[in-house]
Structure formats: C-alpha cells, structure tokens
There are 2 protein chains.
Amino acid sequence: MQQPPQKQPQSYRELEALMSTEYATLSKRLQQTARFMLDHPQEVALATVAKIAEQADVTPSTLIRLANSLGFKGFSEMQQLFRSRLVDELPNYTERIRAVRSATGETPDSTQLLWEFADANRAVLEQLPSRIDPESLEKALDIFEKAHAIHVMGARRSFVVASYMTYALAHVDKPALLVSGLGGMYREQLRAMSQHDALLTISFSPYAEESQRACEGAKQRGLPIIVITDSHLSPLASFADVVFVVNEAEVKSFRGLTASLCLTQALAISLGMRQDKAREKAIQQDQQRNP
Amino acid sequence: MQQPPQKQPQSYRELEALMSTEYATLSKRLQQTARFMLDHPQEVALATVAKIAEQADVTPSTLIRLANSLGFKGFSEMQQLFRSRLVDELPNYTERIRAVRSATGETPDSTQLLWEFADANRAVLEQLPSRIDPESLEKALDIFEKAHAIHVMGARRSFVVASYMTYALAHVDKPALLVSGLGGMYREQLRAMSQHDALLTISFSPYAEESQRACEGAKQRGLPIIVITDSHLSPLASFADVVFVVNEAEVKSFRGLTASLCLTQALAISLGMRQDKAREKAIQQDQQRNP
DNA sequence: GTTCAAGTGAAATAAATATTCCAATAATAC
DNA sequence: GTATTATTGGAATATTTATTTCACTTGAAC
C-alpha cells in the first residue's frame, strides 16, 4: 500500500469528491466500505465503528484503513465530516432560505434561484394530495384498468408529463401510446384510438390546439377522457370524464411540472398495483377450478 | 433528592416537554444545564459529556445527574433522543416512507399512494438545494453561457428531464438540441456536436449505454460536459467537467424525477437571467459609444 | 449558631470505543 | 507452480468517554 501523500479533505463535500475520484484505486473491501458510507451518511455520522462495520458487512479495521487511505489520521477524524454535514444541512428550512435570500450579495443568483424553486415546488407538493379528489382518482383508475391501451397526449410543456406517463405505464405493463405528432402524424395517431382505449390529455394555459383536437377526436370515437389541466375553466375540462386540476409553482414566470408529474406517477403505479391484484386473483380462481 | 417515579421520555418532543414541566423543580445547576440543552440541542447531540459540560459551564457529573433525574439510566441514553431528533428532521427518505407504509396497513389505495409520493418528493426538494454546490452551479452556467449550442442527452427515464431542459432552454433563447436517437440517428446527432457547444447528459442507474457514448463522443471533440446523475460513483461522473448528484425519491421501487427537474429548471432560468444581463450591458455600451 | 440534608466538584473507576498489530488469506508476478 | 506483495479479519491494546464515588459546600430548619 504505497500511500500517495494526500491532502486531507476539510468538508463533507470535499470528502465526497475525494471518495469518488479515489474509488477506482481502492481495494474491493475498501470500495464496499466507501459505497456504504456514501449511501448511508447519517448512519456513519452517528453510529460507532463496530456498528457501521457490521452494517457495511466489513470489519472495523477496514473502516479505519479507509479513513487512513483518504488522508485521515483515524476514523474518528473522518466521522467528524459526516457529523458536520448533519449539522450544516439540518437547520430549519424556512430559516435557511431566508438566510440565503438576505445574503444575496454573497450567494450567486443561481443558488438563490435554486432555493426558490425548490421551496416553491415543495409548497406545491404539500397542497397537492389534499386538493385531489379521491373519488376522481379511483374513477380514473377504473377507466385506465378497463382500457385496452392508453393514449397520452401532451404538447409543448405538457409533453414532458405525457412522455413520463407513457414511460411509467409501459413499466407497469400497460400498453401506452404517446401522441407525439412526430412526422406531422397527429391525425394518424389519433385515428389509431379505438373505443376500447382511453385518452389522457395533459394541457396547461395557453392550451395547445392539438390537445383540444385530440379530445374532440376521442369524444367522437367514444373513448373515455381524462384530463390534467390547470383550471376548472380550461377548455379541456368540458370534454373530460375525469378532470384533475393541479396548481403548479411559478417562479420568474416559469411554471414547474412537479405536481403534474407527481400525480401521473401516482396514477401509473396505482394502476400497476391494481393490475397485480387482479392477476393474482385470476390465478387463484384458476387454481380453484383446476386443482 | 426524592425521586418521583418518572416515565422515561421516548422521543425528543416528549423530552422537551418533560424538561419544561420539571424545570421549576430542578436545582440551580440542573436548571442551568437543562436550559443549555434546550438551547443547543445539536451540540448536545454530537459532543461528549466533557465538552458539553464545559460549554454549559457545569461539571460532567451534573449532566449525568440531570439525565438521571429525568428518568434516564445515564446521559448516553438521553443523548440518543437528541440524536434521533437530528436524524428525524433530516431523514433518510426511504426509511421515512417505509414508516408511512407500515403505519397505513398493507394495501395503500390510490390516494394514500399519492400522499406518499407527494411527501417523498417534498422531502427530496427540501434537501436538494443544500446538497448542490453553488460553485458547481456557477461553473455549469459559465460553460452553458459560452456554448454556442447545448446538446441534451437523456435516455429512458432521463429522457423526460432532457426534453424538459431542451424546452426550457429554447424558451430562454438558448439554442438547444435534444439527442433523442429518433430514427436510429444517435450517431448522426452526436456528430453534429461542435467544439464550441456543450453537452448536458442526464443519466441514472442503470446507466444507459447511449449516454456514456454521448459523453465519450463529446470528450473526443473537446466539448465541456455537464452531468446530472444519481451517484458520485456513476460511470458518467468521470467524464464530466461538472457533476450534479441528485437524490430522487423512491416509492414502490419507482424513482421520481422531481429533484432533477427542479435543478434543470433552475439552470435554464439562471442561464436566461445571465443572458439578459449580458445583453443589457451590451446595449448600454453600444449607446455610450453612439449616443 | 448548630445540625442535617441536598447539592456540587474533582478525582477514581468502569465502560465503551477506536486503533494497532499480527497471522492468515488472496492476488499478482515470475 | 512458487515467491512476493497486498489485503483482510480478528484479537490485543490504547484511548477516549461515561459514570461513580466521596469529600466538601451550601442552604434551610430548628
């Protein structure tokens, strides 16, 4: 173990960086230890060498060796950085954001903006679940469950939400089609909607023409329609069998997507769980019939 | 010292309450100690008996006596509650979600799931800004500002983030190209990268092959690379000029995208603000020259 | 003022925790 | 295959840290 003269990290951040760069040069056990520490920083901050070693499934010596090879005199010295991280990151969030704001002279605008965004989106998420009607959720899931396939439509900003929904649905084994308009083929994609399917449209002000067309098309063909939008007065709302109205954060006149994504995520996974249950049931009944 | 049979507090809150009610009945030194502890909870959580005693200007024995008179077997036991407070307020999210899960029974219905999602994502947003290094943010923005165009790469789950970034960049008048692989043209899209551009790659475990290729390509052509990923040990990190490590929420083994989106949003808009400033400046200088 | 109990501080002790050391093992070079 | 070096686990040791003890002080009751 030839030891390159190493500068000892002075902050948790530096330590994190050092661990990443040195990771490849470490031995198997030391890598295992490093990974555990990066993954469970607060465990490392508070537990004893013996406990951490046990959880990381290595021996205490290994922890000390890792600390040494990262330039520390001993493990305790390294642990101090993990502790400082706890303390640095703990302070009451609202206080902290105020502090960042007031210290505007020193902190770069970008950091301040990040705090504002995070805070605005956080606030939105706090409200979201209580503003979504449980019955609507269940109704939407009923529709999705019955549908052979789900067409998902979202233009411009909403496209992000639509593509995430398509991704998530595919991952719970629900056939999903993203109405993307790729190749100028909106019309063709809409024609592919059968009456056994369902349409999910996401649309925010200013409501894209295409989204309305999609809903009209679906209506004609008799598909159930679910809409995620930003107002009860949205032109999309009138088409819908189920409407979800979400309030997105707005900073510097840019609107977020956090709430919509959170909702679609919950929808997709709830659907997945329903399907799992239904399948289990089917298997059980099958077994009872042919024992 | 007649000892009223005392129930030992089980949480920091209970302890806080107990200290308040018992305060009047304590002796002078014990009051002094109690006051210090309530005023400096995080000091108490992490320091040793000797250090705390010194700071509170009492002797170590006093700390132990206080702990005993509050129903604890020793000081260490009491300190545990101070530590749990640290952890509870800056929790490991997966642990916390697990707590919600187990508390609500086995079959969470859709609404419950929505609450879990919202809560998990909210928690993630709380920690996000303090975990992003301000210098990295500025460095990334420098790179973006200098770049003629920004190529944005994200496969599978990260595609959502990449497409949002592309959208947002376009809205702040920054030329942005989404490396989508559409029509099997990854190669061609990568070839379009010039050395005056920059590459932003978003990639989460399991890291898509294509994302690594994009970084390799950019490296060869001498483009600066910015990476958003989920671990310092990500294979992408080694390519990057700037790495952002974000911690996404996980519910039912589905990971969210909230933190990444929040970060990209902040990046895009910060960039927009910088550009605005630069333009204003240019106009002013222009006017001074030709008044 | 004397007596007694509660309170206190400092040193002694006990417990816990971290670190070192060495023998055993695994990996690498020859 | 054998020699050599790096790595590892576990026991032995050193260190730190908590707790106990006891002599001393303070304050209240008579």
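Sequence lines set the chain letters: A, B, ... in the order given, protein chains first and strands last, and positions in each chain run from 1. Below, each value reflects all heavy atoms present in this structure, side chains not excepted, and no hydrogens, waters or symmetry copies.
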Checking B:R35 against B:Q32: is there a side-chain donor and acceptor pair closer than 3.5 Å?
no
In whole angstrom, give the distance that lies between atom [atom1] of [X] and atom [atom2] of [N].
{"X": "A:L46", "N": "C:dA18", "atom1": "CG", "atom2": "P", "result": "12 Å"}
{"X": "A:L63", "N": "C:dT20", "atom1": "CG", "atom2": "C1'", "result": "15 Å"}
{"X": "A:K28", "N": "C:dA27", "atom1": "NZ", "atom2": "P", "result": "7 Å"}
{"X": "A:L66", "N": "D:dT7", "atom1": "CG", "atom2": "P", "result": "13 Å"}
{"X": "A:D57", "N": "D:dT8", "atom1": "CG", "atom2": "P", "result": "13 Å"}
{"X": "A:E54", "N": "C:dA18", "atom1": "CD", "atom2": "P", "result": "13 Å"}

In a table with atom names and distances, give each donor-acceptor pair under 3.5 Å that connects a side chain of residues 48-60 of chain A to protein atoms at least two apart or in another chain.
{"from": "A:T48", "atom 1": "OG1", "to": "A:K51", "atom 2": "N", "distance (Å)": "3.3"}
{"from": "A:Q55", "atom 1": "NE2", "to": "A:E43", "atom 2": "OE2", "distance (Å)": "2.6"}
{"from": "A:T59", "atom 1": "OG1", "to": "A:T62", "atom 2": "OG1", "distance (Å)": "3.1"}

Residues 188-204 of chain B side chain polar contacts: donor-acceptor under 3.5 Å, at least two apart:
{"from": "B:Q189", "atom 1": "OE1", "to": "B:S180", "atom 2": "N", "distance (Å)": "3.0"}
{"from": "B:Q189", "atom 1": "OE1", "to": "B:G181", "atom 2": "N", "distance (Å)": "2.9"}
{"from": "B:Q189", "atom 1": "NE2", "to": "B:S180", "atom 2": "OG", "distance (Å)": "3.3"}
{"from": "B:S194", "atom 1": "OG", "to": "B:H196", "atom 2": "N", "distance (Å)": "3.0"}
{"from": "B:D197", "atom 1": "OD1", "to": "B:A149", "atom 2": "N", "distance (Å)": "3.3"}
{"from": "B:D197", "atom 1": "OD2", "to": "B:H151", "atom 2": "NE2", "distance (Å)": "2.9"}
{"from": "B:D197", "atom 1": "OD2", "to": "B:S194", "atom 2": "N", "distance (Å)": "3.1"}

Filter on side chain to side chain donor-acceptor pair (under 3.5 Å), then keep only pairs touching residues 210-224 of chain B, sequence neighbours left out; what's left?
none
A:F82: what forms a ring pair (Phe, Tyr, Trp, His ring centres under 6.0 Å) with it, not counting sequence neighbours?
A:Y12
Using ring pair (Phe, Tyr, Trp, His ring centres under 6.0 Å) as the criterion, list what pairs up with B:F36, not counting sequence neighbours.
B:H40
Below 4.0 Å: OP1/OP2 of C:dG7 and any side-chain N or O of B:T62
no
Just the table, please: protein N/O against nucleotides 14-23 of chain D N/O, every pair under 3.5 Å.
{"from": "D:dA18", "atom 1": "OP1", "to": "B:V49", "atom 2": "N", "distance (Å)": "3.2"}
{"from": "D:dA18", "atom 1": "OP2", "to": "B:V49", "atom 2": "N", "distance (Å)": "2.6"}
{"from": "D:dA18", "atom 1": "O3'", "to": "B:S76", "atom 2": "OG", "distance (Å)": "3.2"}
{"from": "D:dT19", "atom 1": "OP1", "to": "B:F75", "atom 2": "N", "distance (Å)": "3.4"}
{"from": "D:dT19", "atom 1": "OP2", "to": "B:F75", "atom 2": "N", "distance (Å)": "2.9"}

